[in-house]
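In the text below, chain A, chain B and the rest are named by the order of the sequence lines, each starting its count at 1. Reckoned from all heavy atoms, side chains included, excluding hydrogens, waters and symmetry mates.
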Amino acid sequence: MPGRSARETTIADLRISTWNVNSIRRRLDGLAALVAAHAPDVICLQETKVAAEAFPREACADLGYPHQVIAGFKGRNGVAILAREALADGTGHDWCDRADGRHVAARLGDGIEVHSLYVPAGGDEPDPERNPRFAHKLRFLAELTNWFAARKAPLNRFVLTGDLNIAPLEADVWNHAALVKVVSHTPVEVAALARLEASHDWTDAVRRLVPAPEKVYSWWSYRARDWRLANRGRRLDHVWVTPALAEGLAAVAVLTEARDWEGPSDHVPVTVTMARS
DNA sequence: ATGGTTGCCGTGCAA
């Protein structure tokens, strides 16, 4: 899925990328390649795996993104928003009574509010009674749902991006039957994600421009001998927009070739272009 | 059905 457009894009549009880098310090060359390929105005990162004070701020500024909001802890999780333009009210949000660097938000100058999210992966056993990681994932989604629902207003221009660690549609996985009992595609998670999607009348930007049943993936396991040959992908990385922005969606692109870069992340960048009005 | 890789650190754990 190289990309799809609803119209010509313009310089006035907002182009926003989301990418789970699996260590920002290991992925600075990849970040430069993303900038060269998609020229995003804003980049949302997940799994930066670095303490906020050790984040490579200078390297990102040198790539053209001097405006940064960062949350992170040594060796785990970590999210960021990088922007060419000024960011206001940059904030980290903590859910499930843990400060663990899974959510940052900031406003662009024109009022658009951007979120970078890293939803807990949830472990292996899809049973919240037996697996505290899965319980954490469901609680994280429930708290987020309530928070966005409480802030709902018709004119809000919000962009929710990130590694949501759920592939909701059959078209988002390589084999629905094989994955329906695998964490990331189970009905209980998909239902929780649907409640989040309903909390603010979010539009799944990628699926607005590339409807099911066309397959779209953003993640391929490191464990495959040949990820492209096996093509056992999942669409875990998402860009959602509120109704005021959905009307202006212009293009989406998945940078599949990033999975073949030297020293790849297991996720590839997803970029969405939209009108700012 | 199992095991496969990566990144964190300097071992096993999370993904």
Side-chain angles (χ1 to χ4, degrees), chain A residues 18-31 33-34 44-56 59-60 70-80 95-96 98-103 116-128 130-141 161-168 172-175 177-186 188-190 192-193 217-238 255-270:
Chain A
T18 183
W19 190 23
N20 177 321
V21 286
N22 188 19
S23 170
I24 184 59
R25 289 175 292 185
R26 295 271 183 182
R27 230 59 74 195
L28 287 170
D29 288 347
L31 193 64
L34 165 59
C44 295
L45 301 175
Q46 302 86 34
E47 272 208 278
T48 53
K49 287 191 169 177
V50 65
E53 58 270 24
F55 190 95
C60 294
I70 290 156
F73 298 88
K74 185 181 171 72
R76 62 193 171 88
N77 305 337
V79 289
W95 306 108
C96 307
R98 324 182 183 196
D100 57 1
R102 292 182 178 273
H103 184 184
S116 179
L117 277 155
Y118 178 47
V119 172
D124 290 331
E125 173 70 40
D127 180 351
R130 294 169 48 178
N131 173 10
R133 295 184 186 285
F134 195 72
H136 180 210
K137 183 178 198 173
L138 296 179
R139 182 178 165 194
F140 188 101
L141 290 165
T161 79
D163 177 5
L164 305 184
N165 264 314
I166 298 172
D172 296 334
V173 295
W174 66 278
N175 184 324
L179 286 167
V180 72
K181 293 181 177 173
V182 174
V183 170
S184 74
H185 191 58
T186 65
V188 63
E189 295 165 83
V190 171
L193 195 70
Y217 309 140
S218 65
W219 173 90
W220 292 262
S221 171
Y222 280 128
R223 299 177 193 180
R225 283 187 191 86
D226 183 331
W227 71 274
R228 196 185 283 278
L229 181 66
N231 199 24
R232 295 185 170 188
R234 307 178 200 172
R235 187 172 71 105
L236 303 179
D237 302 278
H238 299 267
L255 196 58
T256 306
E257 69 190 59
R259 192 61 182 77
D260 267 338
W261 289 343
E262 192 169 342
S265 171
D266 45 354
H267 297 251
V268 299
V270 176

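Protein atom CD of A:Glu189 is 13 Å distant from nucleotide atom P of B:dA15, rounded to whole Å. A:Asp266 places its CG atom 12 Å from the C1' atom of B:dA14, with the value rounded to the nearest Å. We find that CZ of A:Arg27 is positioned 10 Å from P of B:dT6, with the value rounded to whole Å. To the nearest angstrom, C1' of B:dA15 lies 15 Å from CD1 of A:Ile166. Whole-Å rounding puts the A:Asp100 CG to B:dA14 P distance at 14 Å. Taking atom CZ of residue A:Arg98 and atom P of nucleotide B:dA14, one finds them 12 Å apart after rounding to whole Å. Across the protein-nucleic acid pair, A:Asn77 atom CG and B:dA14 atom P stand 12 Å apart, rounded to whole Å. One interatomic measurement links the two molecules: CZ of A:Phe134 to C1' of B:dA15, which rounds to 15 Å at whole-angstrom precision.
Here the separation of B:dC8 from B:dT2, taken at their P atoms, is 31 Å to the nearest Å. Rounded to a whole angstrom, the distance from the P atom of B:dC13 to that of B:dA1 is 26 Å. Atom name C1', nucleotides B:dT11 and B:dT6: the rounded distance is 15 Å, in whole Å. Taking the C1' atom of each, B:dA14 and B:dG4 are spaced 16 Å apart, rounded to whole Å.
Across all strands, A:Tyr118 comes closer than 4.0 Å only to sugar-phosphate atoms, never to a base (heavy-atom distances).
If you check the side chains of A:Asn20 and A:Trp219, you find no donor sitting under 3.5 Å from an acceptor. Using modelled atom types, one finds no donor on one side chain facing an acceptor on the other under 3.5 Å when comparing A:Ser265 with A:Arg27. Side-chain contact, A:Thr18 with A:Gln46: a donor N or O sits under 3.5 Å from an acceptor N or O.
Using cut-offs of 30° and 60° for the angle between ring planes, the A:His103 and A:Trp95 rings count as parallel.
Panel note: side chain A:Lys49, backbone A:Asn77; no donor-acceptor pair is recorded below 3.5 Å. A side-chain donor-acceptor contact under 3.5 Å links A:Arg102 to the backbone of A:Tyr118.
Inter-residue side-chain proximity for A:Leu31 and A:Leu45 is flagged as met; some heavy-atom pair is nearer than 4.5 Å.
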For nucleotides 8-13 of chain B, read 5' to 3', which letter fits each nucleotide if B means a protein heavy atom sits under 4.0 Å from the base, S means only the sugar-phosphate is that close, and - means neither? SS----
From CA spacing to verdict: side-chain hydrogen bond (donor to acceptor under 3.5 Å, both in side chains), A:Asn231, A:Trp220: CA-CA 7 Å; A:Asn231 199 24; A:Trp220 292 262; 3.0 Å; yes
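The stretch residues 220-231 of chain A comes close to DNA chain B through A:Tyr222, A:Arg223, each having a heavy atom under 4.0 Å from the strand.
A salt bridge is defined here as a Lys NZ or Arg NE, NH1 or NH2 lying under 4.0 Å from an Asp or Glu carboxylate O, and A:Arg228 with A:Asp260 meets this definition.
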